Every structure is written in C-alpha cells, then in structure tokens.
Amino acid sequence: MAIVLKTEGELALMDQANRLVHRILDGVAERIAPGVTTAELDQWAESEIRAAGGVPAFLNYRGFPATLCTAHNDVIVHGIPNTTELTDGDIIGLDCGVLYKGYYGDAARTFPVGHISAEAEQLLRVTREALDLGVEQMRPGGRLSDIGATIQSHVERHGYSVVREFVGHGVGTSLHEEPQVPNFGRAGRGMRLSPGLVLAVEPMVNAGSRRVKVDSDGWTARTHDGSLSAHFEFSVAVTPSGPQVLGYDHPVNSHLSERKAS
Ligand code: MG
Ligand code: MG
C-alpha cells in the first residue's frame with residue numbers, strides 16, 4: 001500500500017479528529033480515581049464521542065469489543081476495559097481512536113491512579129519524553145528511522161526497554177496506514193519525511209525486559225516479567241516548518257503560529 005500524503009485541508013480535518021480524541025482523554029483523566037473501573041471510563045468515552053458526531057474507531061476493529069484500549073500496570077497495550085476497580089498506586093494507559101468527518105484521530109496517555117511510586121512516576125515521565133523527542137524528528141528531510149532511534153536511545157539510557165512487537169503507523173482515512181513506525185532501530189534509514197506525512201508515534205516502554213506475552217483473550221499484551229509498562233501516543237504531521245502534533249497544544253507546534261504571524 002502506498003504512503004498517502006495529506007493536503008492542508010485534510011490536516012485541518014485530522015486536527016479536529018485528534019482534538020476530539022484529546023478532549024476524551026482529558027475527560028477520562030478527570031474521572032480516574034481509586035474505585036473507578038475501566039468499563040465505566042469506556043462507557044463515558046463512547047457516549048461522548050458519539051455525542052460529538054464521531055465514531056469510536058477501535059470498537060469492532062478486527063473484533064475488538066470496546067471504545068478504549070486500556071493498559072493496567074503490566075499491560076502494554078490492547079487491554080479490554082473491565083469491571084476491576086482501579087487501586088491507588090496503579091498506572092492506567094488509555095488509548096483512544098475516533099473516526100470524525102472521514103478521518104481518524106489516534107492518541108494515548110498513561111495516567112497515575114492516586115499516588116504512585118517514584119519508580120512508576122519516572123517510567124511515565126521517560127516514556128512521554130521519548131515520545132516528545134521522537135516527534136521532534138518529524139521535520140522535512142529527516143528519515144523515518146530517526147524517530148525510533150531517538151526514542152530507543154532515550155528509553156535505554158534510563159535502563160528501560162522498548163517493545164518490538166507493536167509499532168506506530170501512518171494514519172488518515174484508515175486507522176492504520178503505511179508506513180510502520182518502529183520505536184527502535186538505527187538513525188538515517190527509511191523514507192525521507194516530507195510535508196503531509198502523518199504518523200501516529202507511540203512508544204511502548206517496559207520497566208523490565210522487552211518481552212511480551214498475550215492473554216488468552218487474544219488482545220491483552222503484557223510484559224513477560226510482570227514489570228510495569230507505559231504508552232504515550234500522538235498523531236503528528238510533517239509540515240514545511242516542522243512537526244505539528246494534531247489536536248493538541250504541544251510546544252513543538254509553536255513554529256506554526258510564528259509562520260502565520262510573519
Ligand atoms: Mg492509539
Ligand atoms: Mg496508534
């Protein structure tokens with residue numbers, strides 16, 4: 001399948017789709033507390049997406065049964081929301097996708113539940129930093145593998161490991177488009193990055209070994225050693241003046257307003 005570059009008009013629509021995703025993530029963030037269940041968060045997310053005129057993108061995707069993918073503690077990605085109550089000290093990853101006006105938005109964050117350990121706090125911080133550093137590589141003329149190489153080196157510098165089995169991806173009128181975006185590898189390889197390319201960049205970082213096991217439900221991916229795992233994701237466009245995190249007021253977007261002002 002060919003790589004599809006998006007026009008400025010399409011990027012504006014994708015910004016709207018991702019703005020809805022981030023509004024949902026902000027809303028679930030406010031609802032996360034000890035005693036709350038991921039099934040409750042999922043119900044809230046589905047009704048908000050539909051009320052906004054969107055469609056949950058993950059629901060029924062290859063048979064996935066929910067709106068959010070939830071990743072509780074040692075779950076890496078693709079966990080199914082359930083009625084287990086969140087407990088003080090847990091971490092909970094929430095991945096949300098929507099289809100809105102013909103375009104997909106896709107983003108994820110991992111949240112603390114109540115007060116978490118310094119170790120868990122650092123895992124969340126380093127994973128989010130790795131995402132931001134990867135996003136900064138999305139400039140015209142750069143190479144695809146610069147993203148993963150930057151993420152991997154930041155993660156491993158802190159003694160954590162990067163999951164290999166799941167990767168980021170192109171996104172647009174399909175949820176998963178070419179190219180794949182690994183969170184590891186050597187810099188300076190792969191396609192040149194050009195304006196209009198939109199990638200969902202999504203490091204999955206394990207506190208221990210990078211090995212993965214999948215539950216008998218066929219979805220839930222966990223760390224093999226039971227260590228914690230964190231996941232953050234932005235959908236990001238390459239623009240002529242640098243990266244644009246779609247739907248989210250990220251500091252890396254500041255060049256866009258400078259471009260407009262001048
Ligand atoms: Mg996602
Ligand atoms: Mg994704």
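Owing to the predicted nature of the structure, the values given are computational and were not obtained by experimental measurement. Along the sequence shown, the residues carry numbers beginning at 1.
Linking Ile, Leu, Val, Met, Phe, Trp and Tyr whenever their side-chain heavy atoms come within less than 4.5 Å leaves Val75 and Val212 in two separate clusters. Criterion: ILVMFWY side-chain heavy atoms under 4.5 Å apart, direct or through other members. Under it, Ile91 and Ile32 are not part of a common hydrophobic cluster. Hydrophobic cluster membership differs between Val98 and Val245, with clusters built from Ile, Leu, Val, Met, Phe, Trp and Tyr side chains linked at under 4.5 angstrom. Follow the hydrophobic side-chain contacts under 4.5 Å out from Ile76 and you never reach Val113; the two are in separate clusters. Using a 4.5 Å cut-off between side-chain heavy atoms of Ile, Leu, Val, Met, Phe, Trp and Tyr, with links allowed through other members, Val181 and Ile151 fall into the same hydrophobic cluster.
Rounding to the nearest 0.5 Å places CG of Asn183 at 12.0 Å from CZ of Phe166. Separation of atoms CG (Leu144) and CE (Met138) is listed at 9.0 Å; rounding is to 0.5 Å. Atoms OG1 and CG, on Thr67 and Asn60 in that order, are 9.0 Å from each other to the nearest 0.5 Å. Atom CD1 of residue Ile3 and atom CE of residue Met191 lie 4.0 Å apart, to the nearest 0.5 angstrom. In this structure, CG on Leu199 lies 11.0 Å from CD on Glu178, to the nearest 0.5 angstrom. One distance of note links CG of Asn73 with CD1 of Ile116; it measures 10.0 Å at 0.5 Å rounding.
Heavy-atom neighbours of Asp249 CG from other residues, nucleotides or ligands within 6.0 Å: at or below the threshold of 12. Within a 6.0 Å sphere centred on CZ of Arg19, heavy atoms belonging to other residues, nucleotides or ligands number more than 12. Surrounding CD of Gln180 are at most 12 heavy atoms belonging to other residues, nucleotides or ligands under 6.0 Å away.
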N/O donor-acceptor pairs under 3.5 Å from side chains in residues 227-237, not counting sequence neighbours:
| from | atom 1 | to | atom 2 | distance (Å) |
| --- | --- | --- | --- | --- |
| Ser227 | OG | Gly208 | N | 3.1 |
| Ser227 | OG | Asp225 | OD1 | 2.7 |
| Ser229 | OG | Val205 | O | 3.2 |
| Ser229 | OG | Asn206 | OD1 | 2.7 |
| His231 | NE2 | Glu202 | OE1 | 2.8 |
| Ser235 | OG | Asn18 | OD1 | 3.3 |
| Ser235 | OG | Asp106 | O | 2.7 |

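For Pro240 against Pro140, the heavy-atom pair with the smallest separation is O-CG, 3.6 Å. The minimum heavy-atom distance between Asp146 and Gly188, with the atom names listed, is OD1-N, 2.7 Å. When all heavy atoms of Leu256 and Ser241 are compared, the pair lying nearest together is CD2-OG, 4.3 Å. Closest heavy-atom contact between Ser161 and Ser209: OG-C, 3.2 Å. Considering all non-hydrogen atoms of both residues, Gly226 and Asp74 come closest at O-CB, 3.6 Å.
Grouping Ile, Leu, Val, Met, Phe, Trp and Tyr by side-chain contacts under 4.5 Å, direct or through others, puts Val198 with Leu11, Leu13, Met14, Val55, Phe58, Tyr61, Phe64, Ile80, Leu99, Tyr103, Tyr104, Val171, Leu175, Trp219, Leu246. Think of Val167 as one node in a network of Ile, Leu, Val, Met, Phe, Trp and Tyr side chains linked at under 4.5 Å; it has no links at all.
For residues 118-127, the set of pairs meeting the salt bridge (Lys or Arg N to Asp or Glu O under 4.0 Å) definition, not counting sequence neighbours, comprises Arg125-Glu129. Annotation: ring-ring contact (aromatic ring centres under 6.0 Å, His included) contacts involving residues 127-159, sequence neighbours excluded, comprise His154-His158. The ring-ring contact (aromatic ring centres under 6.0 Å, His included) analysis of residues 115-147, with sequence neighbours excluded, yields no pairs. Residue pairs meeting the salt bridge (Lys or Arg N to Asp or Glu O under 4.0 Å) criterion with at least one member in residues 41-50, sequence neighbours excluded, are Arg23-Glu48, Glu46-Arg50.
Within the 4.5 Å cutoff, no side-chain heavy atoms of Val4 are placed close to those of Thr173.
His224 pairs by the ring-ring contact (aromatic ring centres under 6.0 Å, His included) definition with nothing, not counting sequence neighbours. Qualifying side chain to side chain contact (heavy atoms under 4.5 Å, CB included) partners for Arg164, counting only residues two or more places apart in sequence or in other chains: Gln152, Glu156, Val162, Phe184, Arg210. Residues meeting the side chain to side chain donor-acceptor pair (under 3.5 Å) test with Gln16, sequence neighbours left out: Lys101. Residues satisfying the ring-ring contact (aromatic ring centres under 6.0 Å, His included) criterion with Tyr100, sequence neighbours excluded, are absent altogether. Remark: Thr84 pairs with Asn82 by the side chain to side chain donor-acceptor pair (under 3.5 Å) rule, at least two apart or across chains.
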